[in-house]
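Scroll down for the structure; my scribbles are underneath it.
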Amino acid sequence: MTLGRALAFAAMLFPTASFAMSGGGGTCGNNSQGSLTCSSVIDATVSTTATSNLDGNYTCGDPYAPLTQAGPDAIYDFTCQANGPVTLVLDNLTCDVDIYILDSSCNEDSGCLEGATDRSRNVDSVTFDCQTGQTYYVVVEGYGAQFGAGPGACGRDADFSYTLSFDGGAGTGCPEDCLDGQDNDFDGRVDCDDSDCAAEPECANPEVCNGLDEDGDGRIDEGFADTDRDGIADCMDTEECDGEDNDGDGNVDENFPDTDADGTADCVDNETCDGLDNDGDTRVDENFPDTDGDGTADCVDNETCDGLDNDGDSRTDEGFADTDRDGIADCMDTEECDGRDNDGDGSVDELFPDTDGDNTADCVDTETCDGLDNDGDTRTDEGFPDTDGNGTPDCLDDEYCDGLDNDGDSNVDEGFSDTDGDGIADCVDTEVCNGDDDDGDGTVDEGFSDGDNDGIADCVDVEECDGIDNDGDGSIDENLATTAWYPDDDGDGYGDGDRPRQDCRQPSGYVADRTDCDDFNATRNPGETEVCDGYDNDCDTDVDEDTECSDDDGDGFTELGGDCNDNQSTFNPASPEVCDGANQDCDNAVDEGTECTDDDGDGYCEGPTCADGSLPGDCSDGDYDVNPGVTEIQGNGIDDDCDGSVDGQITDPDGDGYTANAGDCDPSNGYTYPGAPEVPDNVDNDCDGRTDEGTARYDDDGDGYCEATTCSDNSQPGDCFDGDASVSPADAEIDNGIDDDCDGFVDEGTSRTDDDEDGFSEEAGDCNDADPYIAPDLQEEENGVDDDCDGLVDEGFSDVDGDGVTVEEGDCDDNEGWVSPNMREVCDGMDNDCDEIIDEDTECEPVIPPTNDGKCGCQTGSPAAPWLALGLLTLLRRRRQD
């Protein structure tokens, strides 16, 4: 076919397309979407919005070579490694996709070496002669000839996808890679089976698929397929019922039963409510409810009008009419005499009698006081009361002031005066002692006694805590409820719960609260805020909690020790920095040393996004001279511009951007190169001659301990802060807010902490922080120990008056033997029982108190004198038992 005839034929097929013979613009390199290697297999989708379009005339390929290709397209570059034919294959096509090979000139007219424009929706392939060192451009074109007339929709009206790969049996344009498990040079021999690899060390003992490590590289059966990625090559694996293709035969869980034929084996299938046996246990929809017990699960059952809940929705016969709304569908209901249409036939209480003809059946009609038989029982006005029994129904009777309910309204003598509001009219009421004017004569409780002359009769008066007989029963303040009161010696509003006092009134200096933990210090009580002073300020038994000197999050650091967030254990000077916009290690720098910051200061970070305003894409953030913004330096063995290619032609087997001549100490490991981040793997990742430095397995501060359970540098495990040589399991704890000895506790055993948990540290005055029964707020005991830490031992343990009680124990007058908390009050002008009230509950006749020598000068002649003398002698002998 001549060119003119081809153009005419193309115009017939594509009446709206334009055709030109002009050359291309050489834009292939700028628009390249990646470099192909001999082992490339690319699964791609090209969008209709793609911008890398070549719009010239491709003058090669059959049968439509002269057609203008309008895009969109995808462009790849390929550098030939050996002379020979190379075949590229397109398959998995979603529409008619074409493929062209352009030379390095990228000229669509003159530079097109070969093309395939067949109208195929299955497979297209193209073969060209490859010359060593030459770069070619592969164009995958979506706007090609379609079945039928017109341009179709391939890349024009919808995205298209394809798989691009090399045909392993079609050429020799690729050198053999001895480690990738592919026949790169297409000679039928793979890796070590190829004579080209005879000199490679890895081929001295070639790996075979047998579960052993023949080549001694620490890996087993590498290079052989492992479809389910379980670490066992398919050739050694067996199929298991786990939802994966274990043996790599393309089938998942084959030979395992699939009862419901849904493509999922029973052993991994779940029973669903669909009327099928999904899991192959011979039961259908088991474990799903079947409320009506008909053998069909609720989720597939239908409701019928049968009085049952068929579909398990907790409703019965829903969807069926229920005229009387009694919860029973009409189809199951029967008519009842209840004033409703029960059976839904439009009639109410039909066939039931209606004696009074009011259109209401007797069975639901009610008797009214009207002289008629309303309910059809042959009686008139029955059920209406005649409360006063005068023969006239209440509903027709009148009320009289006679103490009776004449009209039956439950009110007696209503309308007549009832001054005291007790429901009894004055005309029939009598005065009683109740605080009311019962008989309406204007006087309350007349005729009843009022012993305390307070205008309230004794019979209704209430005893008060005032030393007066209020209720006239001859007793004063009897039977009054008492309340426990607690001394508040420091006046902070909180009382000492160990010294209660019962009284009907609040004594002076006492409060109702009993929660003070130190009633001699007004700054220590439950209302105080805890501060860093060694005291339990808020009386919660903890010392200095939630202050700058306590380790509240348990990470080994307090605020005084440098913790910048003591509410979160992942924030402290020993925490590793992570890429999250927060300052984990409390050094005032954010995300340093992570992939989202520019650590070498070249304006680029390693991650896809940068937190410090730098640009992404740095492939070596430890080298200022390596980043996407620099120009590639030829011959240095480094991918200077981070484009994935080293010096354009130099092979970088592990693809880490460095070759051996640039310092890569393991060219076969993509995670090992100069400046690589060090990880705890017993490998020198950054090629600096050290292994695992900067990780938990290395003693970075030189104190002989690493942070991990095993160490790479012969140090000992257990360091909790490898940035400080003074912190390790071998160091002594000091008062600095840091867990110096790495035992999980901060400042324990120092003067700052309350080691015996008695509410005081040494700084707060605890003279023995190993004994919780010795502290400044405790009572001194007669035990040869300074219990209250005041420097004195057993002070105050003296009983001057010999009554068995010391001042410390509550004796309010240790010079008077008749005064102590154990004494009973007598009429002698003294506060005998130390309750701050004198001579209460006594007849208070003059009595001469005893002298300190125990001799009694009591007045004689009083009826009470013999009893009083005996009682005083008895009380004198009482002693407090410790």
Side-chain angles (χ1 to χ4, degrees), residues 465 482-531 533-544 754 756-768 771-783 785-801 803-816 819-823 825 830-838 840 880-882:
C465 186
T482 62
T483 301
W485 303 94
Y486 304 91
D488 180 17
D489 294 327
D490 55 12
D492 60 2
Y494 296 85
D496 183 355
D498 294 332
R499 296 182 290 156
R501 172 177 171 178
Q502 295 289 333
D503 207 318
C504 61
R505 294 179 292 178
Q506 180 176 1
S508 176
Y510 283 74
V511 294
D513 179 85
R514 55 170 299 173
T515 60
D516 204 338
C517 57
D518 187 353
D519 203 33
F520 300 102
N521 187 343
T523 63
R524 295 187 65 219
N525 59 65
E528 294 293 323
T529 301
E530 196 73 17
V531 296
D533 60 359
Y535 289 95
D536 176 16
N537 306 97
D538 56 7
C539 293
D540 64 351
T541 72
D542 293 326
V543 174
D544 296 344
D754 176 23
D756 58 7
E757 298 183 355
D758 58 7
F760 295 86
S761 68
E762 291 97 323
E763 289 183 356
D766 197 338
C767 53
N768 186 346
D771 189 341
Y773 299 104
I774 298 178
D777 65 343
L778 296 179
Q779 294 287 337
E780 189 73 16
E781 298 182 9
E782 192 173 10
N783 57 5
V785 177
D786 181 11
D787 304 282
D788 56 5
C789 292
D790 63 353
L792 303 175
V793 176
D794 296 345
E795 72 277 7
F797 279 91
S798 60
D799 182 14
V800 175
D801 55 13
D803 60 5
V805 182
T806 67
V807 173
E808 290 76 17
E809 294 172 329
D811 196 339
C812 55
D813 186 353
D814 203 30
N815 294 312
E816 178 55 68
V819 175
S820 79
N822 296 331
M823 290 293 178
E825 194 73 19
M830 293 188 295
D831 181 12
N832 305 95
D833 55 6
C834 290
D835 65 351
E836 301 182 3
I837 302 175
I838 296 175
E840 72 273 17
R880 177 184 180 187
Q881 299 298 320
D882 292 332

Checklist entry - Any side-chain heavy atom of Asp533 sitting closer than 4.5 Å to one from Glu763? => result no
Item to check | Distance, nearest 0.5 Å, that separates CG of Asp516 from CG of Asp519 | outcome: 4.5 Å
Next on the checklist: Quick check for you: to the nearest 0.5 Å, what is the distance between Glu782 atom CD and Thr806 atom OG1?
Outcome noted: 9.0 Å
Checklist outcome for this item: Taking every heavy atom of Gly765 against every heavy atom of Cys789, the minimum-distance pair comes out as O-CB, 3.6 Å
Checklist entry - Is any side-chain heavy atom of Glu825 less than 4.5 Å from a side-chain heavy atom of Asp831? => result yes
Next on the checklist: Does any part of the side chain of Ser761, heavy atoms only, come nearer than 4.5 Å to the side chain of Asp766, both counted from C-beta?
Outcome noted: no
Item to check | Test log, rule side chain to side chain contact (heavy atoms under 4.5 Å, CB included), inputs Glu530 and Asp542 | outcome: CA-CA 9 Å; Glu530 196 73 17; Asp542 293 326; over 6 Å; no
Checklist entry - Roughly how far, to the nearest 0.5 Å, is the CG atom of Asp540 from the OG1 atom of Thr515? => result 11.5 Å
Checklist entry - To the nearest 0.5 Å, how far apart are CG in Asp803 and CG in Asn815? => result 10.0 Å
Next on the checklist: Is the shortest side-chain heavy-atom distance between Phe520 and Asp788 below 4.5 Å?
Outcome noted: no
Next on the checklist: What verdict does the side chain to side chain contact (heavy atoms under 4.5 Å, CB included) test give for Asn521 and Glu528, after you've listed the backbone C-alpha separation in whole Å, the side-chain angles of each residue and the deciding distance to 0.1 Å?
Outcome noted: CA-CA 11 Å; Asn521 187 343; Glu528 294 293 323; over 6 Å; no
Item to check | Test log, rule side chain to side chain contact (heavy atoms under 4.5 Å, CB included), inputs Asp536 and Asp754 | outcome: CA-CA 9 Å; Asp536 176 16; Asp754 176 23; over 6 Å; no
Checklist entry - Quick one: are Arg499 and Asp489 in side-chain contact, heavy atoms under 4.5 Å? => result yes
Checklist entry - Any idea which heavy atoms bring Val785 and Glu780 closest together, and the distance? => result O-OE2, 2.7 Å
Checklist entry - So, does Asp518 use its side chain to make a donor-acceptor pair with the main chain of Asp777 at under 3.5 Å? => result no
Next on the checklist: Keeping Asp513 on the side-chain end and Tyr494 on the backbone end, is there a donor-acceptor pair under 3.5 Å?
Outcome noted: no
Item to check | Enclosure of Glu757 CD (heavy-atom neighbours >12, cutoff 6.0 Å) | outcome: no
Checklist entry - Between Asn525 and Asp490, is a side chain to side chain contact (heavy atoms under 4.5 Å, CB included) present by the stated rule, with each step listed? => result CA-CA 10 Å; Asn525 59 65; Asp490 55 12; 5.9 Å; no
Checklist entry - Do Arg501's NZ or CZ and the ring of Tyr510 fall within the cation-pi criteria of under 6.0 Å and 45°? => result yes
Checklist entry - In Å and rounded to the nearest 0.5 Å, what is the CG to CG distance from Leu778 to Asp771? => result 9.0 Å
Item to check | Check: Val819 and Cys834 side chains under 4.5 Å, non-hydrogen atoms | outcome: yes
Next on the checklist: Donor-acceptor check, side chain of Trp485 to backbone of Arg505, threshold 3.5 angstrom: yes or no?
Outcome noted: yes
Next on the checklist: If the condition is side chain to side chain donor-acceptor pair (under 3.5 Å), which residues does Asp813 pass it with, not counting sequence neighbours?
Outcome noted: none
Checklist entry - Is there a side-chain contact between Asp488 and Tyr486 (heavy atoms, below 4.5 Å)? => result no
Checklist entry - With a 4.5 Å limit on heavy-atom distance, are the side chains of Cys517 and Arg524 in contact? => result yes
Checklist entry - Minimum heavy-atom separation for Ala484 to Gln502, with atom names? => result CB-NE2, 3.3 Å
Next on the checklist: Return the CD1 to CG distance between Ile774 and Asn783, rounded to the nearest 0.5 Å.
Outcome noted: 8.0 Å
